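Quick caveat, the model's predicted, so the values are computed rather than measured.
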Amino acid sequence: MSKSLTHQQAMRYNRHIVLPKVDLDGQEALLNANICIIGIGGLGTAAATNLCASGVGSLTLIDHDTVEATNLPRQTLFCEQDVGTSKVEAAKARLTAINSDCDITVMAEPFSAPDISQVSPELKQAIERADVVLDCTDNTNSRDLINLLCFKLNTPLVSGAAIRFEGQLFVAIPGESRCYACLRTLFESPDLSCVEAGIFSPVVNVVGTYQAMLAMQVLMDFDNIPKNTLMTFDALSHEWRNWKLPKGVDCELCAC
């Protein structure tokens with residue numbers, strides 16, 4: 001059964017509600033939404049903070065890592081006292097302090113498997129229950145697996161990545177757009193990590209925040225979602241660029 005905004009919540013989110021593109025219906029769409037965030041690093045903490053504060057009703061956080069001191073410059077949801085603790089548990093505590101109305105489920109397990117048949121039922125259920133999935137991971141194998149599951153389970157996906165001074169975003173909505181595998185067919189990205197290549201801290205927060213915005217717009221059914229488009233950001237030139245996927249991409253997954 002759908003929830004309605006209380007008077008207190010309507011006052012809290014008034015700055016959203018007065019926007020004609022949002023209104024009460026849009027804010028209640030957030031209230032009734034379940035967003036799954038896979039990877040609670042720089043991208044995931046930025047996205048989770050914005051989604052929780054903006055009034056999303058339920059978040060599922062998936063990550064098996066613990067907080068390290070080297071995470072703190074860019075994973076701004078954590079503090080020094082969190083070092084050595086579970087990322088998802090530390091994130092849940094901080095997010096609950098931001099918005100106690102947000103129902104937060106945590107899964108402290110890795111999102112990796114040789115193929116879809118070896119993904120745990122709990123992880124599959126988390127994606128199937130979600131209204132939108134945010135891929136905030138940092139490796140190609142996880143991204144491919146998340147895209148496959150989202151396509152099979154008919155769940156919209158907002159994928160983000162950031163390295164060095166560069167960021168990228170891609171939205172895939174099953175039945176409405178091409179999938180992340182179409183993009184990978186055209187652009188084979190090197191599987192580098194931030195440890196190897198480095199990352200300028202604000203860039204990862206810019207991309208994670210943008211992922212949150214796109215997810216909210218998908219939930220509120222905005223009519224200008226950038227489908228079939230790779231969005232890239234260059235912090236050195238201060239440029240955003242959109243790259244349209246050409247027609248006739250030979251994708252074995254979605255046959256686009």
What residues join Met11 in its hydrophobic cluster, counting side-chain heavy atom gaps under 4.5 Å, either direct or through other members?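 Met11 shares its hydrophobic cluster with no other residue.
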What I want to find out is whether Glu239 reaches Arg241 closely enough, with some N-O distance under 4.0 Å, to be called a salt bridge.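 Salt bridge: no.
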Electrostatic pair Lys3:Glu28 at N-O distance under 4.0 angstrom: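 No, Lys3 and Glu28 are not salt-bridged.
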Working to the nearest 0.5 angstrom, can you tell me the gap between [X] [atom1] and [Y] [atom2]?
X	Y	atom1	atom2	answer
Gln27	Leu19	CD	CG	10.0 Å
Leu123	Gln118	CG	CD	13.0 Å
Glu89	Ile104	CD	CD1	10.5 Å
Leu157	Ile127	CG	CD1	8.5 Å
Phe170	Thr229	CZ	OG1	7.5 Å
Glu68	Thr66	CD	OG1	5.5 Å

List the atom of Glu128, the atom of Thr155, and the distance in Å for their closest heavy-atom pair.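 Looking at all heavy atoms of both residues, the shortest contact is CA-OG1, 4.3 Å.
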Heavy-atom pair with the smallest gap, counting every atom of Leu95 and Ala48: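 What the structure gives for the nearest pair is CD2-O, 3.7 Å.
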Show me the side-chain donor-acceptor pairs of residues 205-219 shorter than 3.5 Å, one per line, residues at least two apart or across chains.
| residue | atom | partner | partner atom | Å |
| --- | --- | --- | --- | --- |
| Asn205 | ND2 | Arg74 | O | 3.2 |
| Asn205 | ND2 | Ser201 | O | 3.1 |
| Thr209 | OG1 | Asn50 | ND2 | 3.4 |
| Thr209 | OG1 | Asn205 | O | 2.8 |
| Gln211 | NE2 | Asp135 | O | 3.2 |
| Gln211 | NE2 | Val158 | O | 3.1 |

Lys/Arg cation over aromatic Phe222: Lys21, 6.0 Å, 45° cone: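 Ring-cation test returns yes.
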Excluding sequence neighbours, so at least two apart, what forms side-chain hydrogen bond (donor to acceptor under 3.5 Å, both in side chains) with [X]?
X	value
Tyr13	Asn99
Asn71	none
Arg12	none
Gln125	none

Under the salt bridge (Lys or Arg N to Asp or Glu O under 4.0 Å) test, which residues partner Asp82, sequence neighbours left out?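 With sequence neighbours excluded, Asp82 shows a salt bridge (Lys or Arg N to Asp or Glu O under 4.0 Å) to Arg94, given in chain and number order.
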Mark yes when over 12 heavy atoms from residues, nucleotides or ligands other than Phe233 sit less than 6.0 Å from its CZ; otherwise mark no.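 Above 12, so yes.
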For [X], which residues count as a side-chain contact (heavy atoms from CB on, under 4.5 Å) partner, sequence neighbours excluded?
X	value
Ala161	Arg143, Gln168
Ala93	none
Pro110	His64, Ser112
Asp103	Ser58

Please output the side-chain donor-acceptor pairs of residues 33-47 that fall under 3.5 Å, not counting sequence neighbours, one pair per line with the distance.
| residue | atom | partner | partner atom | Å |
| --- | --- | --- | --- | --- |
| Thr45 | OG1 | Gly41 | O | 2.7 |
| Thr45 | OG1 | Gly42 | O | 3.3 |

